[in-house]
Chemist: 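Encoded as structure tokens, here's the structure I'll be asking about.
All chains are named by letter (A, B, ...) in the order of the sequence lines, taking the proteins before the strands, and each is independently numbered beginning at 1.
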Amino acid sequence: MEDKKNIAKTYDPAEFEDRLYNTWVEKGYFHAEVNPDKKPYTIVIPPPNVTGQLHMGHALDETLQDILIRYKRMQGYEALWVPGTDHAGIATQIKVEENLRVNEGLTRYDLGREKFLEKVWDWKKQYGDRIITQLKKIGSSCDWDRERFTMDEGCSKAVREVFVNLYNKGLIYQGSRIINWCPHCITALSDAEVEHTEQAGHFWHIKYPVKNSDDFVVIATTRPETLLGDTAVAVNPEDERYKDIIGKTLILPLVGREIPVIADEYVDKEFGTGCVKITPAHDPNDFEVGKRHNLEQIKVMNDDATINSYGGKYEGMDRYEARKAIVKDLEELGLLVKVEDHSHNVGQCYRCGTTVEPIISKQWFVKMKPLAGPAIEAVKNGDTQFVPERFSKTYMNWMEGVFDWCISRQLWWGHRIPAFYCDECGETTVSKEDITVCPKCGGHVHQDEDVLDTWFSSALWPFSTLGWPDKTPELDYFYPTSTLVTAYDIIFFWVARMIFSGLEHTGQVPFKRVFMHGLVRDSQGRKMSKSLGNGIDPLEIIDKYGADALRFTLATGNAPGNDMRFYIERVEAGRNFANKIWNASRFTMMNLEIDENKLPPVDELRLEDKWIISKYNKVVKNVTDNLDKFELGIALANLYDFIWESFCDWYIELVKPRLFDKNDPSGKTAQYVLTYVLSNTMKLLHPFMPFITEEIWQHLPHEGESIVISRFPVYDEALVFEDEEKAMGLIMDAISAVRNRRAEMNVPPSKKAKVIIVTGENDTFTKGAVFFEKLASASEVEIRSDRSGINPNAVNIVVPSAEIFLPLDELVDKEAELKRLNGEKKKLEGEIKRVEGKLSNQGFVSKAPQKVVDEERAKGVKYKEMLEKVLESIRAMETL
RNA sequence: GGGAGUUUAGCUCAGCUGGGAGAGCGUCUGCCUUACAAGCAGGAUGUCACAGGUUCGAGCCCUGUAACUCCCACCA
């Protein structure tokens with residue numbers, strides 16, 4: 001927009017988006033620091049996976065947080081996007097690890113730890129910069145200091161601090177339990193990392209012979225290969241069928257081990273055969289049963305789910321091969337009674353999809369009950385609020401039923417567990433500092449090979465990134481943070497864990513609000529994913545339509561917390577909106593002779609000026625209120641309507657005659673009003689569409705160096721003009737009605753006609769007369785207070801407060817006109833009947849609010865007036 | 001098995017604490033009106049899933065039903 005005379009006719013974001021972003025960064029507008037003169041506003045969002053590819057979900061995160069940040073900054077807050085980048089490999093680790101494995105065929109066992117990490121660091125370096133560049137394209141205003149925290153420095157310190165503190169309080173323990181084991185990734189998984197899917201399987205019914213007898217019991221199982229690890233068969237103590245057999249000894253088929261029949265409440269009499277084989281080392285329920293009955297735990301599988309030496313002849317086989325072989329052998333022995341089809345839930349690794357094997361294993365756990373209590377309380381009493389509120393139920397549900405959290409992972413990418421084992425005395429030492437000798441016996445120690453669950457360090461994100469455990473000024477100022485912006489699918493992994501960690505380690509909630517959004521789906525409602533190949537690259541969208549258009553799409557058209565389908569048509573709508581703004585601005589600038597932005601004195605303002613200013617002012621209120629409620633979509637829709645309808649379709653058109661008439665001094669007033677309303681509207685829109693608003697604002701008369709650091713408009717009671725709004729409403733209705741009639745009669749705009757307005761609102765319509773010429777194709781406008789002498793054959797239009805005649809005699813078909821008038825009559829009569837019905841209802845009149853009743857009465861009066869006019873026209877026409 | 005969500009125009013979705021059903025896209029008609037055809041003006045299209053209930057009044061609140069979605073859960 002360098003030259004006002006030569007502004008591009010079409011909006012082209014490529015022209016200015018990069019340039020503006022670079023300027024903002026250079027000027028340091030995004031920088032946030034401890035500033036006692038201002039109030040902090042801090043936002044936490046999930047960092048993008050450092051996989052080099054920005055996906056639509058993150059574009060959504062980023063857009064929403066950026067809208068809030070920009071808004072708050074314009075309100076004078078010191079607004080911070082929680083710094084740090086690396087997330088300590090946190091969410092990213094998964095992708096990194098997966099990628100290396102898939103692309104380069106690496107596993108934990110192929111490379112040593114050092115080599116492995118080297119690879120990862122290379123990889124991260126390569127993609128780290130790229131992701132930042134990509135974020136800029138969204139228009140992100142975060143001051144992203146990616147060097148600030150890395151896995152080996154700040155974050156590690158916090159992680160160790162937390163681990164040791166929890167350990168010392170007895171909230172972290174090491175124990176053997178059944179955990180979810182991924183035989184492909186060769187690591188333990190937390191409950192949250194397991195996805196359950198319904199799968200068709202079989203139910204094998206197998207005979208277990210009773211020792212020294214011809215008797216047998218039949219058990220039913222879905223996993224016959226675990227038979228190798230059975231150490232008992234259980235029945236329900238109440239089950240009459242099996243009363244006699246309790247305490248007897250069975251011979252485990254194929255293995256020959258003697259196992260007892262035990263009684264346990266856990267067994268459901270109705271399910272299967274009522275006899276359950278108990279495999280304490282390979283099933284969580286069986287594990288518990290085993291503990292109650294002191295059963296031996298026999299682990300029959302290796303880490304990669306092949307059968308180990310306890311499996312006898314099946315040793316070395318994969319679990320599914322072993323299953324086949326075992327079933328076959330049982331069949332040959334006549335011990336297989338039957339096979340039923342059975343569908344059941346199978347747990348799968350959410351990373352690689354491999355069926356998870358429950359395995360007994362020694363792992364580190366966090367004791368959850370003591371941590372969950374305060375975390376539940378914090379949400380109950382509102383210290384942390386979910387937006388929308390319903391997500392607090394999801395949170396509560398999980399928190400109240402939470403099990404201990406398995407935090408050790410047998411990966412090499414992550415924070416290594418700070419536990420050291422003595423090679424001499426076996427003592428376990430947990431330490432913030434690395435140690436080399438055992439504090440107890442002085443023997444040599446080695447550190448635990450395992451690393452922590454990524455979410456263990458993610459849980460510390462809101463405060464570890466601010467310098468905790470040190471008492472930094474940043475921590476003091478920015479913590480607790482204001483708002484977390486994230487998708488609902490991450491409540492358990494991340495949100496819940498940040499809340500209890502924050503409370504435990506800092507004594508405060510990590511954030512006051514959790515603003516949850518939904519998932520971005522493709523146009524068919526499917527989750528976008530790499531494997532489906534239905535992902536849409538935000539960068540391609542930006543290249544084609546601009547960042548503002550994409551942001552518009554992501555911020556509008558859906559309610560908070562609901563999923564959104566991504567349609568390219570919606571991006572086009574956003575782009576069209578930008579183009580509309582562009583051209584409205586172009587029009588304004590082409591007609592601008594002023595070089596300051598100020599509101600003219602009220603007494604110089606015309607009717608339409610007051611109308612648009614009043615409308616604008618109400619938009620300020622609406623946008624502010626809705627942004628404060630996190631109703632970003634409503635705020636933006638309101639701006640959209642105001643800009644497109646009120647400002648472009650009406651105000652600009654209304655003001656054209658004044659602007660174009662060089663002899664009309666009020667043209668200047670219009671220029672001021674155009675400038676004032678447009679530039680302030682750009683401020684309102686800036687959080688949503690930062691680039692186009694800055695570009696336009698810069699080229700309008702303005703104060704200050706950038707819209708980014710300008711003040712957000714404030715609602716001003718003095719700028720509400722109710723009377724003018726009403727008056728303009730009447731005029732606009734009348735104009736619309738004339739257009740409507742003309743369209744119905746197929747009168748082209750080029751055919752002008754005289755407009756005669758009969759009204760009691762003489763003053764209003766006199767002011768509005770000029771508008772009819774331009775907007776209602778009027779050749780001239782006559783305003784009068786009675787209809788005497790008007791050709792009864794003229795086209796007649798009845799609107800509230802006025803009756804309008806168009807002397808288009810030659811175009812009028814008397815029959816059709818009468819028909820239309822009678823239709824009009826019928827409609828009005830219907831309305832009157834409805835209103836009177838309501839008003840004659842005692843219940844309504846006495847119980848409804850006075851305001852509603854009054855409104856109904858006013859409507860009744862209005863409709864009756866209009867009916868009178870219509871009747872009069874009908875009479876006039878009939879007497880022709 | 002538990003919990004949550006959805007059901008509104010042809011499509012995708014809004015509809016805030018109950019007071020005459022909305023948007024975008026699509027569609028139809030007419031317009032290149034000197035900011036914009038990525039546009040302007042006008043039109044059509046809804047038993048607000050179903051059945052009860054509360055209320056003067058229900059898309060909205062209550063109860064139940066149906067269909068679809070998602071999350072959680074250790075029934076072998």
Chemist: May I ask you to evaluate whether A/Arg742 reaches the phosphate of B/rA41, defined as a side-chain N or O under 4.0 Å from OP1 or OP2?
Modeler: no

Chemist: I'd like to know if A/Glu836 pairs up with A/Arg857 as an ion pair, taking the criterion as any Lys NZ or Arg NE/NH1/NH2 lying under 4.0 Å from an Asp or Glu carboxylate oxygen.
Modeler: no

Chemist: Side chain of A/Lys393: nearest nucleotide among B/rC75, B/rA4, B/rC31?
Modeler: B/rA4

Chemist: Which whole number of Å gives the distance between the C1' atom of B/rA76 and that of B/rA4?
Modeler: 29 Å

Chemist: Would you mind reading off the distance between A/His202 atom NE2 and B/rA76 atom C1', rounded to a whole angstrom?
Modeler: 16 Å

Chemist: Using whole Å, report how far CZ of A/Phe647 lies from C1' of B/rC36.
Modeler: 13 Å

Chemist: Applying the Watson-Crick and G-U wobble criteria at under 3.5 Å, what pairs with B/rC13? Answer none if nothing qualifies.
Modeler: B/rG22

Chemist: Under the criterion side-chain contact (heavy atoms from CB on, under 4.5 Å), which of A/Val770, A/Asp649, A/Leu654 is the partner of A/Leu775?
Modeler: A/Leu654

Chemist: Between A/Phe552 and A/Tyr640, how do the two ring planes meet: parallel, tilted or perpendicular, split at 30° and 60°?
Modeler: tilted

Chemist: Considering heavy-atom distances to RNA chain B, does A/Val276 or A/Ile634 have its closest nucleotide positioned more toward the 5' end?
Modeler: A/Ile634

Chemist: According to the Watson-Crick and G-U wobble definitions, with both distances under 3.5 Å, which nucleotide is paired to B/rG46?
Modeler: none

Chemist: Whether A/Asp625 and A/Lys629 form a salt bridge (side-chain N of Lys/Arg under 4.0 Å from carboxylate O of Asp/Glu) is what I want to check.
Modeler: no

Chemist: Among B/rA37, B/rU55, B/rA38, which nucleotide sits nearest the side chain of A/Tyr11?
Modeler: B/rA38

Chemist: Give a yes/no answer on whether the side chain of A/Trp398 brings an N or O atom under 4.0 Å of OP1 or OP2 in B/rA4.
Modeler: no

Chemist: Has A/Lys656 got a side-chain N or O lying under 4.0 Å from the OP1 or OP2 atom of B/rA35?
Modeler: yes

